Amino acid sequence: MTSSLVLVTGATGYIGGRLVPELLTAGYRVRVLARTPAKLAGEPWLDQVEVQQGDAGDGDAVARALEGATAAYYLVHSMGGAADFAARDRAAAAAFRDAADRTPGLEQVVYLGGLGDDQDAELSPHLASRHEVGRVLAAGSVPITELRAAVIIGSGSASFEMLRNLTDVLPVMITPRWVSTRCQPVAIRDILHWLVRAISAPEAKGRVLEVGGPEVVTYEDMMRAYAEVAGLRKRLVIRVPFLTPRLSSHWVGLVTPLPLGLARPLIESLVNEVVVLDRSVQDVMPHEPLSLREALEVAVRRVEDLKVPSRWSDATLPGRTPADPMPSDPDWSGGTLLSDEQEAWSQASPEQLFRTVSGIGGSRGWYVAEPLWSIRGSVDVLLGGVGMRRGRRHPDELQVGEALDFWRVEALEPPMLLRLRAEMLTPGDAWLEWTVEPEGAGARLQQRALFHPRGLPGRLYWYGLIPFHAVIFKRLCTRLAEAAERSS
């Protein structure tokens, strides 16, 4: 264990937000430099770090943040920003380098860049800029460790989210020829291992180290592997010659939630092979990384289990890993989650309102549109599902894990939270959740119907039920609130 102070820039980003807790676990003291510290609100590690406001391109702010640090991580870049991102990244790296040169006791800067052959004259603007930033940082007097990686597999990473959304939504994919480009994907947990290890490995100083997983695959291979892991039908991939990277980025922007400014540089980089050549990180810091399938399995599991309320992680899994979604992840990451949200106020006490909610189902029924619930149960039985025939064990008592009609109790925290997970047959995962909060002389009931669709059938299923949702869910929330008042 060590008590050395480490500075992390980019802590509000995907990598930085996951690196900080890993450094804390390793025993480092951590200071973060954030342009907008408010974006760190909700991070579980916030009270364990020093926070300094400032831009990584502001030399004075960087100099103040580096005081007393023995190592620093440079994890900022402008991909998805303005058209002059390369010039902005170059200037920011130079300002950071100069501030580092003026900092006594600073022994190392670790930078995460991108794979790609330096000799490739057709290197994409994004990858060329990432390499240039590494050279700018290395021009200073402080030793630089530049780790170069390609596709990072983890819930919330831009590359994984693009892969996931494209494969989820499109059973037939018309793709450019670059789907046959070779790459070497790596799991987020392995990237973080090497990032942390780099500042305790003297032999890593002053080196460019190429990082990759154990397999070299094509983007088409990754799509097929994701479909298999996610339980989707085999995807049909049709290659066509007329889809240029620029046209493809517009297509990705339409099909996935990634913003165009982020999709474009990612797509443009797909024309370049990004594989480990002759500077493997394994030569300096040996480590057994996850296979592509293992990395995909972890990422898919985190999307399915943790994207719904953040507190869900504690109830569903025994511990968190670097692959988990985090509060700092952008809105487009973490899995598609469709929802219907309703709320109602009741004169009943929070305790009485919760008792009413937790007594739903079984012989009491579902308060609204009972025939529709019965029809849905009958259809489920015809399809081989459990239907509504299980009822409930006790009219007033519930336990986590027990069946309730065609639901199962997944979370129960009286008098605040009840969450049911659907066990009827659906092309996705569904939940129904109620939370109760005191408000004035009564309580407010918040109700959420949540659906994590699997592929295109899942989306069609959800949107096809919207008319029924309009009839059922709003009235259900209101009637639960009214029923609690009557029983007070």
Side-chain angles (χ1 to χ4, degrees), residues 42 155-156 161 164-165 168-169 230-231 257 299-317 324-327 329-344 354 357-358 360-361 366-369 372-373 376-377 380 385-386 398 400-413 416-437 444-478 480-481:
S155 172
E161 294 300 333
R164 182 184 61 76
N165 277 278
D168 271 353
V169 174
V300 168
R301 186 169 69 247
R302 299 305 173 182
V303 167
E304 292 178 345
D305 290 342
L306 296 171
K307 181 56 185 175
V308 199
S310 58
R311 60 179 177 274
W312 208 330
S313 58
D314 296 332
T316 307
L317 295 168
D324 294 347
M326 299 185 69
D329 288 348
D331 293 340
W332 43 260
S333 70
T336 300
L337 188 70
L338 305 172
S339 67
D340 180 284
E341 302 184 16
Q342 306 291 338
E343 62 177 41
F354 187 80
V357 169
S358 59
I360 199 168
W366 290 82
Y367 289 85
V368 62
L372 292 180
W373 291 97
R376 181 63 182 89
D380 195 56
V386 297
L398 284 179
V400 171
E402 72 175 64
L404 196 168
D405 292 335
F406 49 43
W407 306 87
R408 189 167 296 277
V409 180
E410 185 167 87
L412 180 66
E413 300 175 15
M416 294 169 20
L417 170 70
L418 171 63
R419 182 169 59 251
L420 307 177
R421 183 169 189 143
E423 293 192 334
M424 77 282 278
L425 299 177
T426 63
D429 301 304
W431 298 264
L432 192 53
E433 176 190 86
W434 295 273
T435 55
V436 176
E437 296 181 355
R444 181 160 296 279
L445 177 64
Q446 296 177 318
Q447 173 186 287
R448 301 202 303 167
L450 304 164
F451 188 66
H452 183 269
R454 285 196 293 270
L456 186 59
R459 288 160 173 80
L460 295 176
Y461 173 84
W462 174 266
Y463 291 117
L465 289 177
I466 283 180
F468 299 99
H469 294 171
V471 172
I472 294 174
F473 289 134
K474 183 173 182 59
R475 293 168 61 193
L476 174 59
C477 186
T478 301
L480 284 170

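The structure presented is a predicted model; accordingly, all values stated were derived computationally and were not measured.
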- Does Asp429 pair with Arg421 as a salt bridge, N-O distance under 4.0 Å?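 Answer for the salt bridge query: yes.
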- Could you give me the CA-CA distance, side-chain angles and deciding distance for Arg444 and Glu343, then say whether salt bridge (Lys or Arg N to Asp or Glu O under 4.0 Å) is met? CA-CA 7 Å; Arg444 181 160 296 279; Glu343 62 177 41; 3.2 Å; yes
Indicate the atoms forming the closest heavy-atom contact of [X] with [Y], along with that distance.
X	Y	value
Gly464	Pro467	O-CD, 3.5 Å
Gly458	Pro453	C-CB, 3.6 Å
Tyr461	Pro427	CB-CG, 3.5 Å
Ala230	Val300	CA-CG1, 4.5 Å
Leu418	Val409	CD1-CG1, 4.1 Å
Thr426	Phe451	OG1-CE1, 4.0 Å

- Item | Worked verdict on Trp407 versus Glu423 for side chain to side chain contact (heavy atoms under 4.5 Å, CB included) | CA-CA 5 Å; Trp407 306 87; Glu423 293 192 334; over 6 Å; no
- Query: How many angstroms lie between atom CG of Asp340 and atom SG of Cys477, to the nearest 0.5 angstrom?
  - Reply: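 With rounding to 0.5 Å, CG (Asp340) is 10.0 Å from SG (Cys477).
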- Query: Just how far is it from atom NE2 of His452 to atom CG of Leu338, taken to the nearest 0.5 Å?
  - Reply: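 His452 atom NE2 to Leu338 atom CG measures 9.0 Å (nearest 0.5 Å).
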- Task: Output, in order, the C-alpha distance, side-chain angles, deciding distance and verdict of side chain to side chain contact (heavy atoms under 4.5 Å, CB included) for Arg376 and Phe406.
- Result: CA-CA 10 Å; Arg376 181 63 182 89; Phe406 49 43; 4.0 Å; yes
Do [X] and [Y] come within less than 4.5 Å of each other through their side chains, counting heavy atoms only?
X	Y	result
Glu437	Met416	no
Phe354	Leu412	yes
Leu476	Gln447	yes
Glu402	Leu398	yes
Glu433	Leu417	yes

- Query: Going through the distances and angles, do Tyr367 and Leu480 end up as a side chain to side chain contact (heavy atoms under 4.5 Å, CB included)?
  - Reply: CA-CA 7 Å; Tyr367 289 85; Leu480 284 170; 3.7 Å; yes
- Listed partners of Trp366 passing side chain to side chain donor-acceptor pair (under 3.5 Å), at least two apart: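 With sequence neighbours excluded, Trp366 shows a side chain to side chain donor-acceptor pair (under 3.5 Å) to Asp405, given in chain and number order.
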- Ring centre gap for Phe468 and Phe473 strictly below 6.0 Å: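 Judged by ring-centre distance (under 6.0 Å), Phe468 and Phe473 do not meet the cut-off.
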- Which pairs count as side chain to side chain donor-acceptor pair (under 3.5 Å) when at least one residue sits in residues 462-476, sequence neighbours excluded?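 Counting only pairs at least two positions apart or across chains, no side chain to side chain donor-acceptor pair (under 3.5 Å) contact touches residues 462-476.
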Check whether [X] reaches the backbone of [Y] with its side chain - one donor and one acceptor, N or O, closer than 3.5 Å.
X	Y	answer
Asp380	Leu425	yes
Trp434	Ser358	no
Arg408	Gly401	yes
Ser339	Glu341	no

